[in-house]
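What follows is a short report on a single structure.
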Number of protein chains: 2
Amino acid sequence: MRSEPGGRSRLTKSGIVATARAIADAEGIDALTLRRLAHELGTGQSSLYRHIADRRELLQLLCDDLAESFPIAPPCSTPASWLRTHWALTYDFLAEHPWAAQVIASGEILAGGGEDVPRRVAEVLVAAGLAVDDADRAVRALWNLVLGHLLNAHPFGHLDGGPPLIDCRADYLWALDALLSGILRPGCAAAAGGEGQHG
Amino acid sequence: MRSEPGGRSRLTKSGIVATARAIADAEGIDALTLRRLAHELGTGQSSLYRHIADRRELLQLLCDDLAESFPIAPPCSTPASWLRTHWALTYDFLAEHPWAAQVIASGEILAGGGEDVPRRVAEVLVAAGLAVDDADRAVRALWNLVLGHLLNAHPFGHLDGGPPLIDCRADYLWALDALLSGILRPGCAAAAGGEGQHG
DNA sequence: ACCTGAACACCGTTCAAGT
DNA sequence: ACCTGAACACCGTTCAAGT
């Protein structure tokens with residue numbers, strides 16, 4: 001883990017984050033303790049505090065780091081098919097880093113997938129005919145749907161007898177199609193349920 | 001906290017769960033430590049282990065206990081309006097117990113809101129014309145949407161300048177309307193995006 | 001200026017010992 | 001049979017002390 005084999009490698013923020021991400025990817029977020037991280041970096045625990053304020057900031061940096069490598073779907077024939085492809089990619093990407101959704105869900109961190117990606121999604125939605133406000137709401141709805149499906153991967157998993165393990169990805173894609181068709185339908189949302197009970 | 005003021009109250013599972021829920025409701029899940037719980041019950045930490053296996057089981061019991069008091073919407077004119085009312089109720093109920101979503105998201109627990117409530121929702125969806133399999137998928141989609149919106153309450157909350165705190169409930173209701181209209185539209189989901197790329 | 005070991009105040013869990 | 005205090009192996013964080 002030393003960057004200079006001969007001498008001592010100075011600790012850097014990016015080096016800390018890279019090692020932390022490796023631990024979290026390999027063994028989950030609970031394995032990422034400051035003691036473990038320091039040991040992996042060949043230093044003492046208290047040395048980390050010279051570069052990060054506390055564990056919360058480490059997790060924030062970890063999420064920011066991941067957000068930079070978020071996937072974005074290539075151009076596509078229709079907005080609908082681009083959106084479906086893009087949010088399937090997002091699911092697959094986050095499914096490979098389960099710690100990310102857990103960290104977001106812990107409530108300490110605020111994250112929404114960087115800056116560029118959600119803006120691009122909103123642009124496609126506006127191009128598809130949505131008002132700007134509705135496009136932002138739709139981005140948040142899609143993001144929260146992904147998050148819910150990633151975090152609740154084991155629900156309804158009938159323990160007694162426990163036969164049918166659910167295909168989580170297929171489940172998500174079904175929900176994604178439903179949400180997208182609701183978002184993109186002419187006239188937009190807010191017509192499903194009651195008449196005027198929007199408070 | 002003693003049930004019999006004169007003598008010593010015997011510890012019971014339900015008593016433990018009730019006190020645990022009170023702590024979690026009042027101060028959040030992090031405040032619910034076994035030491036704190038034992039102290040609140042007027043006993044020692046190790047005494048708890050005579051009634052629960054470990055902290056994981058305590059959280060499971062806590063979720064089961066909450067699931068029993070889940071709300072269910074009264075009968076309504078149309079399936080669509082019942083579903084909207086019901087899932088708005090579910091959001092409001094869970095928003096009052098933020099620890100529940102966090103516990104589910106931690107991955108240790110499996111929960112889906114009890115037994116009766118999701119079955120009733122599925123019945124309404126079938127009555128609205130969905131196939132049985134699709135009704136189950138729709139229940140999971142709606143549940144995961146609630147979960148995502150509850151857990152990700154602070155996202156996109158622009159820190160720099162930080163003006164526009166999002167109205168989370170309104171955000172959720174917008175997403176709910178979109179998802180419901182996608183679920184209930186004739187022909188059902190799976191037609192939004194590409195042609196046949198359902199893998 | 002930068003790093004460190006030892007300590008502090010926690011945590012869940014266990015276990016020999018009490019009644 | 002039921003409960004308990006003390007201990008164990010952790011955690012994040014702090015701080016006086018080193019170079």
Side-chain angles (χ1 to χ4, degrees), chain A residues 1-24 26-63 99 102-103 105-109, chain B residues 1-24 26-63 99 102-103 105-109:
Chain A
M1 274 305 169
R2 307 258 166 131
S3 51
E4 308 168 35
R8 337 179 103 220
S9 76
R10 293 268 153 263
L11 278 182
T12 64
K13 219 162 186 169
S14 63
I16 291 174
V17 171
T19 303
R21 179 166 161 177
I23 296 173
E27 303 178 40
I29 197 66
D30 288 340
L32 178 60
T33 67
L34 295 184
R35 279 168 160 82
R36 167 74 185 279
L37 178 57
H39 182 256
E40 207 98 349
L41 287 162
T43 182
Q45 330 160 27
S46 47
S47 305
L48 296 173
Y49 286 86
R50 215 137 276 283
H51 301 89
I52 56 167
D54 50 22
R55 190 182 142 91
R56 216 208 102 274
E57 184 182 325
L58 177 67
L59 297 180
Q60 179 72 258
L61 291 170
L62 221 48
C63 286
W99 54 265
Q102 278 177 255
V103 168
S106 73
E108 307 165 358
I109 300 303
Chain B
M1 274 302 172
R2 307 257 166 131
S3 50
E4 308 168 34
R8 335 179 104 219
S9 76
R10 293 268 154 263
L11 278 182
T12 63
K13 219 162 185 168
S14 64
I16 292 174
V17 171
T19 303
R21 178 166 160 176
I23 296 172
E27 302 178 41
I29 197 65
D30 288 340
L32 178 58
T33 68
L34 295 184
R35 280 169 159 81
R36 168 76 186 278
L37 178 56
H39 182 257
E40 207 98 350
L41 287 161
T43 183
Q45 329 161 26
S46 47
S47 304
L48 297 173
Y49 286 87
R50 216 138 274 282
H51 301 87
I52 56 168
D54 50 23
R55 191 182 142 92
R56 214 208 106 273
E57 184 182 324
L58 178 67
L59 298 180
Q60 180 71 258
L61 291 170
L62 222 48
C63 286
W99 53 267
Q102 278 176 257
V103 169
S106 72
E108 308 164 357
I109 299 303

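Order of the sequence lines fixes the chain letters, A, B, ..., with proteins taken first and strands second; residue numbering starts at 1 for each chain. The structure displayed is predicted, hence computed values, not measured ones.
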In this structure, how many angstroms lie between the [atom2] atom of [N] and the [atom1] atom of [X], rounded?
{"X": "Asp54(A)", "N": "dT14(D)", "atom1": "CG", "atom2": "C1'", "answer": "13 Å"}
{"X": "Leu34(A)", "N": "dA7(C)", "atom1": "CG", "atom2": "C1'", "answer": "17 Å"}
{"X": "Ile16(B)", "N": "dC2(D)", "atom1": "CD1", "atom2": "P", "answer": "13 Å"}
{"X": "Leu37(B)", "N": "dT13(C)", "atom1": "CG", "atom2": "P", "answer": "12 Å"}
{"X": "His39(B)", "N": "dC11(C)", "atom1": "NE2", "atom2": "P", "answer": "12 Å"}
{"X": "Leu32(B)", "N": "dC10(C)", "atom1": "CG", "atom2": "C1'", "answer": "15 Å"}
{"X": "Asp30(A)", "N": "dC11(C)", "atom1": "CG", "atom2": "P", "answer": "17 Å"}
{"X": "Arg55(B)", "N": "dC11(C)", "atom1": "CZ", "atom2": "C1'", "answer": "9 Å"}

Would you check if [X] and [Y] make a side-chain contact, meaning some heavy-atom pair closer than 4.5 Å?
{"X": "Ile52(B)", "Y": "Val17(B)", "result": "no"}
{"X": "Glu40(A)", "Y": "Arg36(A)", "result": "yes"}
{"X": "Leu62(A)", "Y": "Trp99(A)", "result": "yes"}
{"X": "Ile16(B)", "Y": "Leu61(B)", "result": "no"}

### Message
Counting the atoms with a prime plus P, OP1 and OP2 as sugar-phosphate, which does Arg50(B) contact under 4.0 Å by heavy atoms, base, sugar-phosphate, or nothing?
### Response
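Base contact.
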
### Message
What's Thr33(B) touching, base or sugar-phosphate or nothing? Going by heavy atoms closer than 4.0 Å.
### Response
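Contact class for Thr33(B): sugar-phosphate only.
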
### Message
Partner lookup for dA7(C), please. Criteria are Watson-Crick or G-U wobble with both distances under 3.5 angstrom; report none if nothing qualifies.
### Response
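Base partner found: dT13(D).
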
### Query
Among the nucleotides dT13(D), dA7(D), dG5(C), which one has an atom lying closest to any side-chain atom of Arg35(B)?
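Looking only at side-chain atoms, Arg35(B) lies closest to dA7(D).
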
### Task
Compare the minimum distances between each of dT13(C), dC15(D), dG12(D) and the side chain of Tyr49(B), then state the nucleotide with the smallest one.
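Selected nucleotide (nearest to the side chain): dT13(C).
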
### Among Asp54(B), Leu59(B), Leu58(B), the one residue meeting side-chain contact (heavy atoms from CB on, under 4.5 Å) with Arg56(B)
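Running side-chain contact (heavy atoms from CB on, under 4.5 Å) over Asp54(B), Leu59(B), Leu58(B) with Arg56(B) returns exactly one hit, Asp54(B).
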
### Short side-chain N/O contact to dT4(C) OP1/OP2 from Thr43(A), under 4.0 Å
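Yes, because at least one side-chain N or O of Thr43(A) sits under 4.0 Å from OP1 or OP2 of dT4(C).
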
### Query
Looking at Ser47(B), does any N or O in its side chain come under 4.0 Å of the phosphate oxygens OP1/OP2 on dT4(D)?
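Answer is yes, contact under 4.0 Å.
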
